[in-house]
Amino acid sequence: MKNTILIITLSFSTLFNKQHTAITTGKIQKEPNKVQNLVAETPEHTVRSFLFWYSKNIQRLNQIQLVNQQQAPTKPYYVNKANVTLYLAELKKSGFLSTKFLNSIEHYISLCNTNLLNIKQTEGPPEGFDMDMVLLTQDYESNLKLLNKGTSIRLTKNKVRFTFVSKDFLVFGLSQRKGKWFIDSIE
């Protein structure tokens, strides 16, 4: 009964409250809880909430060493599988990513590992790991600094395009399970 009242209240609030209008037009609120409380409503809310979560956690995630480089140049680089498991578990904790998305990241890392072992790389940035695997760019800092000013547009029922102030954009594929939207892909 409380959930029904909360849903009705949120529905009316969305219709009549200017603060929620900003959320539905694609702006991220400065207070993370306001966005995260609305995460299940639409794919757009899920995308914005995830990006906000990611911006708050990216430094911690980047501290997880996915590639062992310490033994170079005597031994080539290779993927640290225990750290990959930890990295994926941390991403999963966000509550916004589907198993499909996490499996695609794991598959990408596995392909990179095969490549690293084949080319026997011992110096420089590890091939395949020279960009952020979630935001698909090397220059993510400037986009995340102005995240509140980014906009999202629903392209289809399950696709949302988020455009950063820099005009860079990502297209998110989503699916819904048990009334909650999850990110399946980022392009």
Side-chain angles (χ1 to χ4, degrees), residues 22-23 25-36 38-39 42-69 77 79-81 83-113 115-116 121 123-155 158-175 181-187:
I23 291 174
T25 60
K27 302 293 181 188
I28 295 178
Q29 295 293 330
K30 290 185 181 181
E31 299 91 349
N33 293 337
K34 288 187 180 181
V35 173
Q36 290 174 349
L38 299 171
V39 73
T42 67
E44 296 93 331
H45 290 135
T46 299
V47 166
R48 286 190 300 261
S49 295
F50 170 70
L51 287 171
F52 193 85
W53 177 89
Y54 194 69
S55 73
K56 295 296 182 194
N57 290 279
I58 193 167
Q59 296 303 326
R60 183 176 55 81
L61 291 167
N62 284 341
Q63 291 175 355
I64 301 171
Q65 286 262 274
L66 298 177
V67 177
N68 286 335
Q69 299 172 260
Y77 298 167
V79 168
N80 181 322
K81 292 181 181 179
N83 283 354
V84 169
T85 301
L86 175 63
Y87 177 76
L88 294 171
E90 291 300 313
L91 283 175
K92 184 177 182 176
K93 285 181 188 177
S94 73
F96 300 107
L97 303 173
S98 70
T99 301
K100 180 179 178 181
F101 180 82
L102 295 170
N103 287 343
S104 70
I105 294 285
E106 184 175 31
H107 180 71
Y108 174 79
I109 293 171
S110 176
L111 292 175
C112 289
N113 188 46
N115 187 50
L116 286 173
Q121 183 178 355
E123 58 185 40
E127 194 163 320
F129 294 91
D130 57 347
M131 70 172 186
D132 184 84
M133 287 182 280
V134 175
L135 297 178
L136 307 174
T137 184
Q138 291 177 331
D139 183 31
Y140 58 83
E141 290 97 354
S142 59
N143 282 338
L144 293 180
K145 281 182 185 176
L146 299 173
L147 193 56
N148 287 340
K149 296 183 182 189
T151 58
S152 61
I153 298 172
R154 185 165 332 178
L155 302 174
N158 296 333
K159 289 229 184 239
V160 171
R161 183 177 74 196
F162 187 89
T163 305
F164 298 93
V165 173
S166 66
K167 302 300 180 207
D168 292 339
F169 67 90
L170 294 169
V171 176
F172 292 79
L174 298 99
S175 60
W181 288 95
F182 292 92
I183 297 168
D184 290 332
S185 65
I186 302 175
E187 302 168 1

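Residues take their numbers from the sequence shown, with the count starting at 1. Just so it is clear, the structure is predicted and the values come from calculations on it, not from any experiment.
In this structure a side-chain-to-backbone donor-acceptor pair under 3.5 Å is missing from Glu44 to Thr46. Of the possible donor and acceptor atoms, none in the side chain of Tyr108 sits under 3.5 Å from a partner among the backbone N and O of Asn103. Side chain of Ser98 to backbone of Ile183: a donor-acceptor contact under 3.5 angstrom is found. No donor-acceptor pair closer than 3.5 Å links the side chain of Glu127 to the backbone N or O of Gln121. Although no hydrogens or angles enter the test, the distance criterion places no donor-acceptor pair under 3.5 Å between the side chain of Glu90 and the main chain of Ser94. Side-chain atoms of Asn158 do not come within 3.5 Å of backbone N or O of Gly173 as any donor-acceptor pair. Not one N or O on the side chain of Asp168 forms a donor-acceptor pair closer than 3.5 Å with the backbone of Phe164.
Here the closest heavy-atom approach between residue Gly150 and residue Val165 is recorded as N-CG2, 4.4 Å. Across all non-hydrogen atoms, the minimal contact from Asp184 to Lys100 is CB-CD, 4.0 Å. Leu174 and Trp181 get closest at one heavy-atom pair: CB-CE3, 3.8 Å. Contact between Arg60 and Trp53 at its shortest, heavy atoms only, is NH2-CZ2, 4.2 Å.
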In sequence, state the C-alpha distance, the side-chain angles, and the governing distance for Leu91 and Asn57, and then conclude on side-chain contact (heavy atoms from CB on, under 4.5 Å).
CA-CA 9 Å; Leu91 283 175; Asn57 290 279; over 6 Å; no
Evaluate the criterion side-chain contact (heavy atoms from CB on, under 4.5 Å) for residue pair Asn83 and Tyr87; output intermediate values, then yes/no.
CA-CA 6 Å; Asn83 283 354; Tyr87 177 76; over 6 Å; no
Verdict with supporting geometry, Asn113 and Lys81, side-chain contact (heavy atoms from CB on, under 4.5 Å)
CA-CA 10 Å; Asn113 188 46; Lys81 292 181 181 179; 4.3 Å; yes
Taking it one step at a time, do Ser104 and His107 satisfy side-chain hydrogen bond (donor to acceptor under 3.5 Å, both in side chains)?
CA-CA 5 Å; Ser104 70; His107 180 71; over 6 Å; no
Step by step, work out the side-chain hydrogen bond (donor to acceptor under 3.5 Å, both in side chains) result for Thr137 and Asp132.
CA-CA 5 Å; Thr137 184; Asp132 184 84; over 6 Å; no
Taking it one step at a time, do Ile109 and Leu66 satisfy side-chain contact (heavy atoms from CB on, under 4.5 Å)?
CA-CA 9 Å; Ile109 293 171; Leu66 298 177; 4.3 Å; yes
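Counting heavy atoms from C-beta on, the side chains of Phe162 and Leu147 come closer than 4.5 Å. Residues Asn148 and Phe52 are in side-chain contact: their nearest non-hydrogen atoms beyond the backbone lie under 4.5 Å apart. Side chains of Leu97 and Phe182 form no contact here, defined as non-hydrogen atoms less than 4.5 Å apart. Considering only heavy atoms from C-beta on, Leu170 stays 4.5 Å or farther from Val47 through its side chain. Counting heavy atoms from C-beta outward, Val171 and Ile186 have side chains that stay 4.5 Å or more apart. Using a 4.5 Å cut-off on side-chain heavy atoms (C-beta onward), Lys159 and Phe172 make no contact.
Every residue two or more places apart in sequence or in another chain was checked for a ring pair (Phe, Tyr, Trp, His ring centres under 6.0 Å) with Tyr140, and none qualifies. Applying the side chain to side chain contact (heavy atoms under 4.5 Å, CB included) test to Thr85 and every residue at least two apart in sequence or in another chain returns nothing. Residues that satisfy the ring pair (Phe, Tyr, Trp, His ring centres under 6.0 Å) test with Tyr54, not counting sequence neighbours, are Phe50.
Note that CG of Leu116 and CD of Gln69 are 9.0 Å apart. Values are rounded to the nearest 0.5 Å. With values rounded to the nearest 0.5 angstrom, Ile105 atom CD1 is found 13.0 Å from Ser110 atom OG. Expressed to the nearest 0.5 Å, how far CD of Glu106 lies from CZ of Phe101 amounts to 12.5 Å. To the nearest 0.5 Å, atom SG of residue Cys112 and atom CZ of residue Phe129 are 4.5 Å apart. A distance of 13.5 Å separates CG of Asn143 from NZ of Lys149, quoted to the nearest 0.5 Å.
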